[in-house]
Structure formats: C-alpha cells, structure tokens
Amino acid sequence: METVTIYIKNMVCDRCVMAVRSLLAELGLEAVAVRLGSAELARPLAGEERTALEGALRRLGFELIDSRRERLAEQVRTSIIELVHRDGDGRHANLSDYLSERLHHDYDYISGIFSDVAGTTVEKYFIAQRIERVKELLAYDELSLSQIAEMLDYSSVAHLSAQFKKVTGVSPSRFKRSGGGRLPLDKV
C-alpha cells in the first residue's frame with residue numbers, strides 16, 4: 001500500500017489532531033495516522049480532493065504546506081510546542097541538541113531556515129512558547145512560581161520573572177492578579 005504524507009500548518013494541540021482526523025473522514029480520505037503537523041493518507045490525493053482539502057483546512061485555520069523549507073519550519077514549531085507544552089521527558093534537554101536529534105539536521109541549518117520562514121529566531125520562538133506555558137500555569141493557580149520555574153527548567157525564579165516581564169511587560173504576579181490573557185499557540 002502506497003501511503004502519502006501531507007504537512008499541515010497550525011496544528012498545535014490534540015484537538016487540532018482530532019479536527020483534522022474528523023475532516024479527513026468527512027472528505028472520505030483514509031488517514032493511516034494524524035500527528036501534530038502532518039497526516040499520513042492511505043493513498044495520494046487526486047486533484048479535486050486536494051482542492052477540497054485545502055479549502056476545508058483553511059476554514060478551520062490550517063494550511064497545507066508544500067515547500068521543504070516551510071515543512072521544516074513547521075516541524076520546528078511543532079517540536080518546540082511539544083517540548084514546552086507536553087508533559088514528559090525532554091524538558092531539560094538542550095534546545096539545539098533536541099531539535100537536531102529530532103529533525104535529523106544540523107542546528108545551524110534548522111535555525112537558518114526557521115528564521116527565514118518564520119521571521120523570528122528559534123530561540124525567540126522557544127521563549128515565547130515558554131512564556132505562554134507560564135501564563136497557562138499561572139492561570140491554573142495550582143503551582144507556585146518556584147515550581148513553575150523548576151518545571152520549565154528556568155535557572156531561577158528571578159530568571160523566569162525577568163524573562164516574563166520582558167516579553168509581556170508585566171511581572172508574573174501582576175499578570176496573575178489581573179487575570180491576564182493568553183495567546184492561542186498558533187499565534188505565538
């Protein structure tokens with residue numbers, strides 16, 4: 001059986017995976033597997049199927065990715081989101097080593113392509129995702145700032161607080177008191 005992988009931009013969570021899986025089924029396209037950023041189909045798409053899929057994905061806020069450079073940039077985004085927002089191993093990994101190992105490319109190559117396509121550096125994107133995760137954890141009000149700093153591998157509470165204020169313009173405690181807002185992960 002000849003399968004084909006399609007790459008999809010803006011898939012950032014498990015609900016995105018479920019939405020794409022459901023959409024594929026509605027369109028009569030058999031999905032062998034659906035993961036963040038991609039879906040493996042049981043067969044190649046016919047021309048009209050691809051057009052229908054592109055339109056349906058766009059209505060849900062997703063896009064098909066064609067170029068190799070865009071696919072790699074999306075894989076970087078997905079990898080960082082998984083590293084920061086998922087529980088499990090890898091949170092204490094060196095970012096460049098983590099991405100190189102996961103994507104099977106030299107970090108300088110990955111970083112250059114990501115910067116060109118995304119318009120920001122890998123490091124700035126990683127920091128932005130970490131700050132969104134801090135916002136989420138602050139909103140839950142279940143962990144202390146010290147626990148959050150340890151969980152997200154900050155060297156200290158002071159480092160987390162300084163980075164948070166630099167990115168958001170307010171301290172973590174002020175953010176928490178104000179009931180500050182969060183960004184959708186695909187808008188970070």
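- Note on E136 versus R133: salt bridge recorded, some NZ/NE/NH1/NH2 to OD/OE distance being below 4.0 Å.
- Both I81 and I113 are assigned to one and the same hydrophobic cluster, defined by single-linkage of ILVMFWY side chains at heavy-atom distances under 4.5 Å.
- At a threshold of 4.5 Å between side-chain heavy atoms, the hydrophobic network of Ile, Leu, Val, Met, Phe, Trp and Tyr places V167 and L145 in one connected group.
- Judged as a side-chain hydrogen bond (donor to acceptor under 3.5 Å, both in side chains), and not counting sequence neighbours, the contacts of R69 are D116.
- Between the CD atom of E26 and the CG atom of L53 there is a distance of 11.5 Å, given to the nearest 0.5 Å.
- With contacts defined as side-chain heavy-atom distances shorter than 4.5 Å, the pair C16/N10 does not qualify.
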Candidate pair V117 and V76, rule side-chain contact (heavy atoms from CB on, under 4.5 Å), full reasoning: CA-CA 11 Å; V117 172; V76 170; over 6 Å; no
Working for side-chain contact (heavy atoms from CB on, under 4.5 Å), residues L64 and R50: CA-CA 9 Å; L64 283 180; R50 182 177 178 82; 3.7 Å; yes
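- Considering NE2 of H85 and CG of L152, their distance stands at 9.0 Å, rounded to 0.5 Å.
- The pair R58-E54 does not meet the salt-bridge criterion, since no charged nitrogen lies less than 4.0 angstrom from a carboxylate oxygen.
- The structure places CZ of R71 at 7.5 Å from CD of Q75, a figure rounded to the nearest 0.5 Å.
- No donor-acceptor pair under 3.5 Å is formed between the side chain of S111 and the backbone N or O of Y107.
- Checked against ring-ring contact (aromatic ring centres under 6.0 Å, His included), Y154 has the following partners two or more places apart in sequence or in another chain: H159.
- Annotation: side chain of V17 is in contact with side chain of M11 (closest heavy-atom distance under 4.5 Å).
- The distance from the CD1 atom of I6 to the OG atom of S38 is 8.5 Å, given to the nearest 0.5 Å.
- In this structure, L27 is a member of the same hydrophobic cluster as V34, with clusters built from ILVMFWY side-chain heavy atoms closer than 4.5 Å.
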Derivation and outcome, side-chain contact (heavy atoms from CB on, under 4.5 Å), residues L23 and F62: CA-CA 11 Å; L23 178 69; F62 304 119; 5.9 Å; no
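- Checking side-chain atoms of S22 against main-chain N and O of M18 turns up no donor-acceptor pair under 3.5 Å.
- For CD of E101, the number of neighbouring non-hydrogen atoms (other residues, nucleotides, ligands) closer than 6.0 Å is 12 at most.
- F126 places none of its side-chain heavy atoms less than 4.5 Å from the side chain of L99.
- A donor-acceptor pair under 3.5 Å links the side-chain atoms of Y98 to the main chain of S79, judged by distance alone.
- A donor-acceptor pair under 3.5 Å is formed between the side chain of Q147 and the backbone N or O of S144.
- Between E49 and R43, at least one side-chain nitrogen of the basic residue sits less than 4.0 Å from a carboxylate oxygen of the acidic one, meeting the salt-bridge criterion.
- Separation of atoms CD1 (I127) and CD (Q163) is listed at 4.5 Å; rounding is to 0.5 Å.
- Hydrophobic clustering (ILVMFWY, side-chain heavy atoms < 4.5 Å, transitive): Y7 and V12 are in distinct clusters.
- Considering all non-hydrogen atoms of both residues, D106 and S100 come closest at C-OG, 3.9 Å.
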Intermediate values then yes/no, side-chain contact (heavy atoms from CB on, under 4.5 Å), I80 and F114: CA-CA 12 Å; I80 289 173; F114 184 83; 5.5 Å; no
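- Looking only at atom types and distance, the side chain of S173 has a donor-acceptor partner in the side chain of S171 under 3.5 Å away.
- Closest heavy-atom contact between L45 and L41: CD2-CD1, 3.7 Å.
- If you take CG on D153 and CG on L160, they are separated by 11.0 Å, rounding to the nearest 0.5 Å.
- The nearest pair of heavy atoms linking P44 to V4 is CA-CG1, 3.6 Å.
- When side chains are defined from C-beta on, L83 does not count as touching R102, because their heavy atoms never get closer than 4.5 Å.
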